[in-house]
Amino acid sequence: METYFNVRYEFDKKKVHEAVDLRLKEEGSDYICVSDGVVLNSANRDPEYLNVVNGGMFSICDSSFVPLYLKWLYRIKREQYCGSQIFHDYVFELPPKRMIFLGGSQSVLDGLKKHLTEKRPDIADMKFVELPFLGVEAFDYPGIAKMIEEDGADIIWVALGAPKQEKFMSRLKPYLSHGVMMGVGAVFKFYSGLEASRAPKWMVDRHMEFIYRIFSEPKKQLKRCGWIIATLPGLLLQEHKRKKLSQGHYTASR
């Protein structure tokens, strides 16, 4: 794991999968945050939320821009591992695991179940659960944990949107004796075939997905993008200072 912009990242996909497998062999539960630009900026503005983001196993890098920032600042190459990709990997590519799907509207969950079972029929036997529209402090965490325990799920997908889903996972963790939670935001919608789709690959490869999202959800995404742009110079400056400080410590210790 590596820490940049105050967030603990694991960029290596193989290490992510290995860490999940190891955690599932141990007692207790944990969670992985899927950190995009919104999570990154929110965490750096709210120390309590930063503790939540860093309180799980680690974050994977959902932002295509963070690897660019690291290339500019540190001359290192790191790869994006977005929420839709880790979802695809665990649902379709990696050895099958028992899963449960929490969050989203019932119509999205119905569409999600339909589309996933077309490629993987055993998913028809897994639970797709619509959560009530509540503040993060109002959920019945013991009851939700009991449902998950009775199901025996290894992977718990949580789609409540940031920052709610990260806080939800943090609060649910103490009640679970098994499982790894992953907060995947709009991924249920992407795979439901109903409400939203991810940008074409050529846009993703060229760091243009945010443009696609703006045209898909202009009111929501323009506000988010404006906020990210406004706070980005400060984030880059802080990380540059951390880089200089770490280099100074290294030089002094030689």
Side-chain angles (χ1 to χ4, degrees), residues 1-5 7-37 39-40 43 52-67 70-71 76-103 112-113 115-123 125-128 148-149 151-160 162 165-166 168-170 172-173 176-188 190-191 198 201 204-205 209:
M1 283 177 286
E2 303 167 90
T3 299
Y4 299 108
F5 303 103
V7 172
R8 293 169 52 248
Y9 287 106
E10 179 55 75
F11 292 95
D12 188 306
K13 294 180 184 180
K14 183 178 179 181
K15 290 182 179 179
V16 170
H17 305 158
E18 290 173 347
V20 171
D21 287 343
L22 179 60
R23 191 67 185 87
L24 290 174
K25 294 176 182 177
E26 300 171 343
E27 291 187 8
S29 71
D30 220 322
Y31 60 92
I32 293 172
C33 296
V34 177
S35 295
D36 61 5
V39 171
L40 177 63
V52 168
V53 171
N54 286 334
M57 295 169 64
F58 46 73
S59 288
I60 61 170
C61 181
D62 190 77
S63 170
S64 65
F65 285 96
V66 166
L70 298 182
K71 184 177 180 180
I76 58 176
K77 183 178 181 180
R78 297 294 183 268
E79 300 291 338
Q80 178 188 24
Y81 192 18
C82 63
S84 59
Q85 185 60 56
I86 197 171
F87 186 82
H88 179 274
D89 289 345
Y90 274 94
V91 173
F92 298 122
E93 301 294 337
L94 295 168
K97 289 179 170 60
R98 181 79 184 171
M99 300 178 291
I100 190 168
F101 305 79
L102 305 180
L112 179 67
K113 183 174 183 177
H115 279 74
L116 297 186
T117 52
E118 288 174 354
K119 295 183 178 181
R120 188 177 153 186
D122 67 302
I123 287 179
D125 186 45
M126 298 181 190
K127 282 186 170 63
F128 292 72
I148 295 171
E149 300 280 339
D151 181 81
D154 294 313
I155 304 296
I156 301 114
W157 299 108
V158 180
L160 294 174
Q165 64 193 12
E166 290 77 30
F168 175 92
M169 294 188 295
S170 177
L172 183 58
K173 176 181 174 179
L176 287 174
S177 62
H178 178 75
V180 173
M181 297 172 276
M182 302 189 197
V184 289
V187 168
F188 285 9
F190 295 162
Y191 281 86
R198 198 178 179 207
K201 187 176 184 301
V204 175
D205 291 343
E209 186 171 13

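Note: hydrogens, waters and symmetry copies are ignored here, and every other heavy atom, side chains too, is used.
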Q.
Centroid separation under 6.0 Å, is that true for the rings of Tyr191 and Phe87?
A. yes
(Q) Using the rule given for salt bridge (charged side-chain N to carboxylate O under 4.0 Å, His left out), can you reason through Glu26 versus Arg23, listing the C-alpha separation, both sets of side-chain angles and the distance that settles it, and then say yes or no? (A) CA-CA 5 Å; Glu26 300 171 343; Arg23 191 67 185 87; 3.6 Å; yes
Q: Identify, with sequence neighbours excluded, every residue that meets salt bridge (Lys or Arg N to Asp or Glu O under 4.0 Å) alongside Lys13.
A: none
Q.
Check this for me: Glu27, atom CD, are more than 12 non-hydrogen atoms of other residues, nucleotides or ligands nearer than 6.0 Å?
A. no
Q: Would you please name every residue forming a side chain to side chain contact (heavy atoms under 4.5 Å, CB included) with Ser29, sequence neighbours left out?
A: Lys173, Leu176, Met181
Q: Flag the pair Val66 / Arg78 as yes when at least one side-chain heavy-atom distance between them is below 4.5 Å, and no otherwise.
A: no
Q | Residue pair Arg98, Asp122: steps toward the salt bridge (charged side-chain N to carboxylate O under 4.0 Å, His left out) verdict | A | CA-CA 9 Å; Arg98 181 79 184 171; Asp122 67 302; over 6 Å; no
Q: Could you tell me which non-hydrogen atom of Gly55 sits nearest to which non-hydrogen atom of Tyr31, and how far apart they are?
A: C-OH, 3.3 Å
Q. Within the side chain of Thr117, is there an N or O that forms a donor-acceptor pair under 3.5 Å with the backbone of Arg120?
A. no
Q: Can you see which heavy atom on Val52 is nearest to which on Cys33, and at what distance?
A: O-SG, 4.5 Å
Q) What closest approach, in Å, do Val7 and Ser35 show between heavy atoms, and which atom pair accounts for it? A) CG1-OG, 4.3 Å
**Q.** Check: Glu2 side chain, Tyr9 main-chain N or O, donor-acceptor pair, under 3.5 Å
**A.** no
Q: Return the minimal non-hydrogen interatomic distance between Gly103 and Leu160, and the atom names on each side.
A: CA-CD2, 4.2 Å
Q.
Is a donor from one side chain sitting under 3.5 angstrom from an acceptor on the other, for Tyr81 and Asp12?
A. no
Q: Please check if the side chain of Glu10 supplies one atom and the backbone of Ser59 the other of a donor-acceptor pair under 3.5 Å.
A: no
Q.
Would the distance check show the side chain of Asp62 and the main-chain N or O of Val34 forming a donor-acceptor pair, the cut-off being under 3.5 Å?
A. no
Q. Which of parallel (below 30°), tilted (30 to 60°) and perpendicular (above 60°) describes Trp157 and Tyr90?
A. perpendicular
Q | Pairing residues for Phe58 by the ring-ring contact (aromatic ring centres under 6.0 Å, His included) criterion, not counting sequence neighbours | A | none
Q) Quick one: does NZ or CZ of Lys113 land under 6.0 Å from the six-membered ring centre of Phe101, within 45 degrees of the ring axis? A) no
Q. Quick check: does any side chain N or O of Arg8 sit under 3.5 Å from a backbone N or O of Met57, one acting as donor and the other as acceptor?
A. yes
